[in-house]
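Encoded as structure tokens, the structure appears first; notes follow it.
For ligands, and for the atoms within them, numbers begin at 1 and follow the listed sequence. The first residue of the sequence shown is numbered 1, and numbering continues consecutively from there.
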Amino acid sequence: MESFEVILKPICLVILIVLCLHAMPSSCNFTSFVFGDSLVDAGNNDYIFTLSKADSPPYGIDFTPSGGQPTGRFTNGRTIADIVGQSLGAKSFPPPYLAPNTEAQAILRGINYASGASGIMDKTGFFFRINVKYMQIGRIPLGEQVSNFEQNRIYMVNEMGENYTRKFLRKAIFSLTIGSNDVLNYIQPSIPFLRHDEVSPSTFLDFMISNLTLQLERLHEMGARKFIVVGVGPLGCIPFVRALKLLGSGQCSSAVNTLIQAYNHRLKELLSRLNQEMGPETIFVFANSYDVFMDIIANYHQYSLENANDPCCGGYFPPFVCFKSSDANTSALCDDRSKYVFWDAYHPTEAANLIIAKQLVDGDENVSFPINIRKLYNYNNS
Ligand SMILES: *[C@@H]1O[C@H](CO)[C@@H](O)[C@H](O)[C@H]1NC(C)=O
Ligand SMILES: *[C@@H]1O[C@H](CO)[C@@H](O)[C@H](O)[C@H]1NC(C)=O
Ligand SMILES: *[C@@H]1O[C@H](CO)[C@@H](O)[C@H](O)[C@H]1NC(C)=O
Ligand SMILES: *[C@@H]1O[C@H](CO)[C@@H](O)[C@H](O)[C@H]1NC(C)=O
Ligand SMILES: *[C@@H]1O[C@H](CO)[C@@H](O)[C@H](O)[C@H]1NC(C)=O
């Protein structure tokens with residue numbers, strides 16, 4: 001019985017996919033392959049030895065599918081990737097790559113490869129500073145995330161053949177939300193990384209852009225055609241950086257934000273160039289999370305939020321840990337999580353993620369360029 005099911009299942013899947021690609025496009029599920037860092041990690045870091053994981057309460061406290069239990073998401077509820085998927089009709093979230101038995105899921109709803117603390121560059125996130133000590137930490141850099149997709153693709157080709165795999169991937173959404181940790185490592189001179197004094201900001205941006213380009217080209221070669229590349233948000237305004245730079249309420253580090261805006265500008269140029277070079281079958285959408293997030297911080301009252309300054313969990317001062325320990329109950333939580341912009345010192349709340357996701361999906365070209373995510377999803381590139 002069991003072995004019968006095992007044999008039957010993939011065949012059914014393939015029939016479904018073939019039907020969905022040919023006869024009934026409306027029966028196709030929303031499929032997305034998610035790459036990135038802790039902003040979109042759905043639990044991969046729970047499976048590796050690392051200090052960067054969100055596997056204990058109160059992380060996930062507002063995540064309904066788990067009943068409020070932690071899932072490895074670095075926020076109280078859903079991530080931006082989760083909400084974008086739901087807005088486009090996804091009935092479930094792509095499982096983390098490292099969770100057991102996810103291969104077959106790749107064909108149904110996609111896979112999440114994202115990993116907290118990771119960056120575009122391999123070395124990013126290698127060191128993590130805990131008080132005065134450096135710890136080496138585990139994370140899956142972007143290049144390795146793309147290699148993991150390559151493994152899943154081999155499975156797809158075995159199941160569906162090369163031609164159907166290509167057809168299937170042409171419709172799927174590939175999102176990349178990465179770059180924040182590269183910037184965070186670069187601006188902390190105490191971290192042994194690309195040293196400020198040795199690598200100029202413009203060389204640093206060259207490295208980021210060239211390394212990212214390489215990974216986008218690898219994905220394109222493997223058949224990805226619909227891309228969302230999320231720019232880096234205004235990290236100069238997050239509680240961690242404001243504390244690092246000794247900035248008071250309502251202030252942001254303009255040095256950090258200037259570097260990020262230069263990166264985002266370069267990224268947008270890169271994506272425009274790739275859009276021209278790769279022809280109409282391929283679209284790269286630049287997601288301007290910077291402006292959206294800045295607008296939320298500046299006009300939080302208009303979004304029915306009440307605090308754009310303090311983290312809801314873990315406090316404003318180092319070491320910024322948001323956790324629940326066995327003896328002492330928990331880090332204090334804010335009274336109303338739906339009114340805060342920041343969940344912890346680094347990550348937005350679900351409330352902020354909802355606003356950002358909605359704008360990226362349905363916003364104008366100042367937010368998603370050249371088209372928004374809903375149009376990207378509906379775009380007929382076959
Ligand atoms: C869509 O997803 C549902 C639930 O996960 C699954 O049962 C169905 O087979 C999927 N359809 C296709 C065409 O993949
Ligand atoms: C796959 O597509 C190529 C090019 O369109 C075609 O020549 C080939 O016959 C197809 N293979 C199968 C197994 O359908
Ligand atoms: C990637 O970044 C490294 C520095 O970490 C740099 O040496 C290299 O030239 C960059 N570009 C590519 C395409 O790898
Ligand atoms: C932890 O919380 C429970 C219920 O909320 C309470 O009864 C208990 O006294 C708390 N323990 C500590 C150490 O604060
Ligand atoms: C985009 O922003 C510019 C400048 O802020 C504004 O003039 C323009 O109307 C905006 N475009 C749309 C489509 O809203």
Sub-4.5 Å side-chain heavy-atom contact between Tyr263 and Asp182:
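Answer no - side chains too far apart.
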
Do the non-hydrogen side-chain atoms of Asn44 and Gln145 ever get within less than 4.5 Å of each other?
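A side-chain contact is absent here, since even the closest heavy-atom pair is not under 4.5 Å.
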
Please check if a non-hydrogen protein atom sits closer than 4.0 Å to atom 2 (O) of ligand 2.
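Yes, there is one.
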
Would you verify that at least one protein heavy atom lies under 4.0 Å from atom 14 (O) of ligand 2, or report that none does?
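Yes, there is one.
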
I'd like to know whether the aromatic ring centres of Tyr346 and Phe74 sit less than 6.0 Å apart in this structure.
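Not under 6.0 Å, so no.
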
Ring centroid separation for Phe293 and Phe342, is it under 6.0 angstrom?
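Phe293 vs Phe342: aromatic centres under 6.0 Å.
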
How far is atom 5 (O) of ligand 2 from its nearest protein heavy atom, and which residue and atom name does that atom have?
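In this structure, atom 5 (O) of ligand 2 has Asn163 ND2, 4.7 Å as its nearest protein heavy atom.
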
From atom 8 (C) of ligand 3, work out which of Asp182, Asn211, Asp122, Asp206 has a heavy atom at the shortest distance.
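Answer by nearest heavy atom: Asn211.
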
I want to check a possible cation-pi pair here: Lys268 against Phe369, using under 6.0 Å from ring centre and within 45° of the ring axis as the test.
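Cation-pi check for Lys268 and Phe369: passes.
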
Give the atom numbers and elements of ligand 3 that come within less than 4.0 Å of a heavy atom of Met121.
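Here the atoms of ligand 3 in question are 2 (O), 5 (O).
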
